[in-house]
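Everything below concerns the one structure shown next.
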Amino acid sequence: LLNKPREYIQLNRDTTVQTLTLQPSVREGVIIYDDSPLVQAVKSGNILVIDEADKAPTNVTCILKSLVESGEMILSDGRRIVPSNSSEEGDNIIKMHPQFRTIVLANRPGFPFLGNDFFGALGDLFSCHAVDNPTMESELAMLKQYGPDVSD
């Protein structure tokens with residue numbers, strides 16, 4: 001994947017702005033909130049793979065639109081992501097790494113996926129590519145690379 005480290009986040013109908021930006025974990029019996037894969041990728045310049053983007057509620061995709069469109073995002077804990085060339089400084093400011101990139105995966109709208117029309121809301125911000133399912137022959141060839149003893 002472009003020979004760069006990546007972070008992964010999967011969205012669903014229960015995704016909120018807080019779960020998009022903070023990740024709870026339990027350490028020594030105490031709930032700690034760490035930066036989500038999105039925030040980690042923004043800081044480090046890694047690629048962020050966002051999966052099932054069409055499943056997220058509209059308010060979550062609007063937040064993503066703001067990040068992609070303007071390079072800005074307000075996190076649920078009060079911190080702000082700003083573009084790398086911003087002159088803003090402070091403890092609550094996270095400058096977006098200039099190498100930060102996103103790859104967004106979403107299903108086409110309509111049956112059988114039953115997600116939101118992600119392309120209608122955000123399609124103009126991304127280079128969209130429709131990927132068909134592989135043919136039976138190519139799928140079998142791929143499986144044989146991993147398991148040479150797979151029968152036809």
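In this text the structure is predicted, and so the values were computed from the model without any measurement.
Side-chain contact check for Tyr8 versus Pro37: every heavy-atom pair is 4.5 Å or farther apart. When side chains are defined from C-beta on, Gln10 does not count as touching Thr15, because their heavy atoms never get closer than 4.5 Å. Within the 4.5 Å cutoff, the side chain of Thr61 has no heavy atoms near those of the Lys55 side chain. Side chains of Ile93 and Asp91 form no contact here, defined as non-hydrogen atoms less than 4.5 Å apart. Looking at heavy atoms from C-beta onward, Ile63 lies in side-chain contact with Leu20 at the 4.5 angstrom threshold. Considering only heavy atoms from C-beta on, Ile31 stays 4.5 Å or farther from Ser25 through its side chain. Between Ile9 and Leu48 there is a side-chain heavy-atom pair separated by less than 4.5 Å. Glu72 has its side chain within reach of Pro83: a pair of non-hydrogen atoms, C-beta onward, lies under 4.5 Å apart.
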Side chain to side chain contact (heavy atoms under 4.5 Å, CB included) between Asp34 and Arg27, worked out: CA-CA 11 Å; Asp34 295 317; Arg27 291 192 200 125; 2.5 Å; yes
Stepwise side chain to side chain contact (heavy atoms under 4.5 Å, CB included) test for Asn46 and Phe100: CA-CA 5 Å; Asn46 292 344; Phe100 170 70; over 6 Å; no
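Within the model, atoms CD of Gln145 and CE of Met142 stand 8.5 Å from one another, a figure rounded to the nearest 0.5 Å. With rounding to the nearest 0.5 Å, the separation of CE in Met96 from OG in Ser86 is 11.0 Å. Rounding to the nearest 0.5 Å places CD1 of Ile103 at 5.0 Å from CD1 of Ile47. The distance from the CG atom of Leu38 to the CD atom of Gln23 is 11.0 Å, given to the nearest 0.5 Å.
Across Arg80 and Glu88, no two heavy atoms sit closer than the pair NH1-OE1, 2.6 Å. In terms of heavy atoms, Lys43 sits closest to Ile94 at CG-CG2, 3.7 Å. Here the closest non-hydrogen pair linking Leu22 and Ser76 is CD1-OG, 3.5 Å. Summarising the geometry of Val49 relative to Leu105, their closest heavy-atom pair is CG1-CD1, 4.1 Å, with the distance given to 0.1 Å. When all heavy atoms of Asp14 and Asn12 are compared, the closest pair comes out as N-OD1, 2.7 Å. Across all non-hydrogen atoms, the minimal contact from Ala53 to Leu11 is CA-CD1, 4.0 Å.
With sequence neighbours excluded, no residue forms a salt bridge (charged side-chain N to carboxylate O under 4.0 Å, His left out) with Glu7.
For Asn59, the CG atom is densely surrounded, since the number of other residues' heavy atoms within 6.0 Å is greater than 12. Crowding of Met136 atom CE: a count of heavy atoms from other residues, nucleotides or ligands under 6.0 Å not exceeding 12.
Not one N or O on the side chain of Thr21 forms a donor-acceptor pair closer than 3.5 Å with the backbone of Leu75. Of the possible donor and acceptor atoms, none in the side chain of Ser84 sits under 3.5 Å from a partner among the backbone N and O of Pro98. Although no hydrogens or angles enter the test, the distance criterion places no donor-acceptor pair under 3.5 Å between the side chain of Ser138 and the main chain of Pro134.
Exactly one of Asp77, Val82, Ile81 qualifies for a side-chain contact (heavy atoms from CB on, under 4.5 Å) with Arg79. That residue is Asp77.
The hydrophobic cluster around Ile74 extends to none of the other residues, as no ILVMFWY side-chain heavy atom falls under 4.5 Å of it.
Val68 and Val42 fall within the same hydrophobic cluster, where Ile, Leu, Val, Met, Phe, Trp and Tyr residues are linked whenever their side-chain heavy atoms come under 4.5 Å apart, directly or through other members. Under the 4.5 Å side-chain heavy-atom criterion for Ile, Leu, Val, Met, Phe, Trp and Tyr, Tyr146 and Leu140 are members of distinct hydrophobic clusters.
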